[in-house]
Asker: 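If you scroll down you'll find the structure; I have some questions about it.
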Amino acid sequence: MNLALRLGSVAFLLAVWLAGSQLVGPQLLPSPQTVAVAIVHEARSGALAFNLGVTLLRVAAAFTIAMVFGTVIGLAMGRISVIDRLADPWLVILLNLPALVIIVLAYVWAGLTEVAALVAVALNKLPITIVTVREGARALDPSLDEMASVFRMSAWTRLRHVTMPQLAPYLAAAIRSGLSLVWKIVLIVELLGRPNGVGFEIGVAFQLFDVTRILAYALSFVIVMLAIETFLVQPFERHVSRWRIKPA
Amino acid sequence: MSPAGGSSRLDLHIKHKSYRVASGARLHVLGEISFSLGNGEVAAVVGPSGCGKTTLLRIIMGLDQDFDGSVVLPAHGRLGIVFQEPRLLPWRTVEENVRLAAPQAGEATLSALFATLGLSAHRRHYPGELSLGLARRVSLARAFAFEPELLALDEPFVSLDAALVERLRAELIELVTHRPTTTLLVTHSLDEAVGLADRIFLLSPSPARVIAEIPIERPRSPRSAAELAVIREKLRAAAANG
Ligand SMILES: Nc1ncnc2c1ncn2[C@@H]1O[C@H](COP(=O)(O)OP(=O)(O)OP(=O)(O)O)[C@@H](O)[C@H]1O
Ligand SMILES: [Mg+2]
């Protein structure tokens, strides 16, 4: 039933796409078959796998940096009010800085390098992670902290068994929103200053008005991200919430 | 005051404890409370609801330092507590909850403990899958497995049936005779206090102070109904005078 609904929804999307392409012409919106052929062609040459791989690595690196620093800073801000007060103005500035400004400044200051690209992406994701984790840290149950301190649990045991499980829903939210945000920004970073990756390919296709190629790359990457969501993020969420009582 | 041979395990001198409540006023919760417990001594604290018993335990456990007075505990002594509410980690199983607090406890100890507390069938369950009575027992198992030198129990036997309370009482007695554990038991039940303690401290309504201290002869031994009635009458008289 669930699967049937999903498949039906996808079929409807393809039908709308096909109708649209008939309506505006294949120049502006190539048909699904054309795009599928282009994907197969790119895959045969190896270019698709290479560019997807490069982009995916950048997503993974930037995402990891942002999550690790975001979790540490968010926890510190949520638990220690001095740090919260000191860091809050910085956070507000970072939250409101447009992605493009961060990217351009990173490239100007650090050159068109891989490091600059990754830092720019991570900086875009960082403030939202901090805000989410800080909310989680503020909601930590003090009575469990007292329990942990009476029974003299080590710092590591507390982090792993007391604090992190309470943060899990907030981390899951940060991961969800983070993955989609990060890959979109990675594409912009690649378009502006990297010689490879999905963003770079789309930039080239844009200059040639090659809509088929744009769609071929964009769609392939969406499928990769869907797979990550289905096979990594959702199982992780199920694992960390296995103790919750399932609603009947 | 301490029983012969026992060095002091807990010296408590509380002069004053008050909470700042949301309205900004101060709520005077504890008055003058002073006593010492000797090594392996079991004391019961009995007092009306809301008089400040949990507050007293929190101060002893070092969880609340905002009070006038002093608490002297042996250096590096292990303190165990059974909180008034179970305070288990909902995302860890029964067994993990106990093991995380007491990593030193061996499998034999744990199995025996779970068997006595009727938890053997629940080792792999999560706290959300337990009844309140079961969760309380896990909290007891955790404190026992920790093997504390000073054990505080905050009304540990409420919401358990009489037969089980009798078993847990026996287990607690076994524990304190086997391994000298200085124990402070907070309870509403005079019978529980009489059945377990060497001494009973009777607290007044808030702000709490000790209105009577009743030593129990031949503690933890079977007692005739007549004997029980005498002790109960003593406590009642003390409560009425306080
Ligand atoms: N954190 C707090 N802030 C303000 N007032 C508090 C706080 N904790 C307890 N109190 C107040 O202090 C008094 C004593 O509370 P406490 O929990 O120590 O009572 P208790 O003797 O354990 O009661 P019970 O038998 O119902 O568990 C109560 O009037 C309560 O309202
Ligand atoms: Mg209480």
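As the structure is a prediction and not an experimental result, all values here were calculated from the model. Just the heavy atoms: all of them, side chains too, but no hydrogens, waters or symmetry mates, feed the values below. Within every chain, numbering begins at 1; the chains are lettered A, B, ... in the order of the sequence lines, protein sequences first and strands thereafter.
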Asker: Would the distance check show the side chain of A:His239 and the main-chain N or O of A:Ser241 forming a donor-acceptor pair, the cut-off being under 3.5 Å?
Answerer: no
Asker: Is A:Met153 close to chain B through its backbone or its side chain, or both, or neither, when contacts mean heavy atoms under 4.5 Å?
Answerer: side chain
Asker: Donor-acceptor pair, B:Arg136 side chain versus B:Gln84 backbone, under 3.5 Å?
Answerer: yes
Asker: For B:Arg78, is it the side chain, the backbone, both, or neither that has a heavy atom closer than 4.5 Å to a heavy atom of chain A?
Answerer: both
Asker: What option among B:Tyr126, B:Phe146, B:Trp91, B:Phe83 has the most heavy-atom pairs under 4.5 Å with chain A?
Answerer: B:Trp91
Asker: Should A:Phe236 and A:Leu232 be marked as a side-chain contact (heavy atoms from CB on, under 4.5 Å) after you check the CA-CA gap, both sets of side-chain angles, and the distance that decides it?
Answerer: CA-CA 6 Å; A:Phe236 167 75; A:Leu232 285 178; over 6 Å; no
Asker: So does A:Val189 get a backbone contact from the side chain of A:Tyr107, meaning a donor-acceptor N/O pair under 3.5 Å?
Answerer: yes
Asker: Can B:Arg9 and B:Glu149 be counted as an ion pair, charged N to O under 4.0 angstrom?
Answerer: yes
Asker: Given a strict heavy-atom distance threshold of 4.5 Å, which part of A:Thr157 is in contact with chain B: side chain, backbone, both, or neither?
Answerer: side chain
Asker: By a 4.5 Å heavy-atom criterion (distance strictly below it), what part of A:Ser154 contacts chain B: side chain, backbone, both, or neither?
Answerer: neither
Asker: Relative to chain A, which segment of B:Arg92 carries a heavy atom at a distance below 4.5 Å: side chain, backbone, both, or neither?
Answerer: side chain
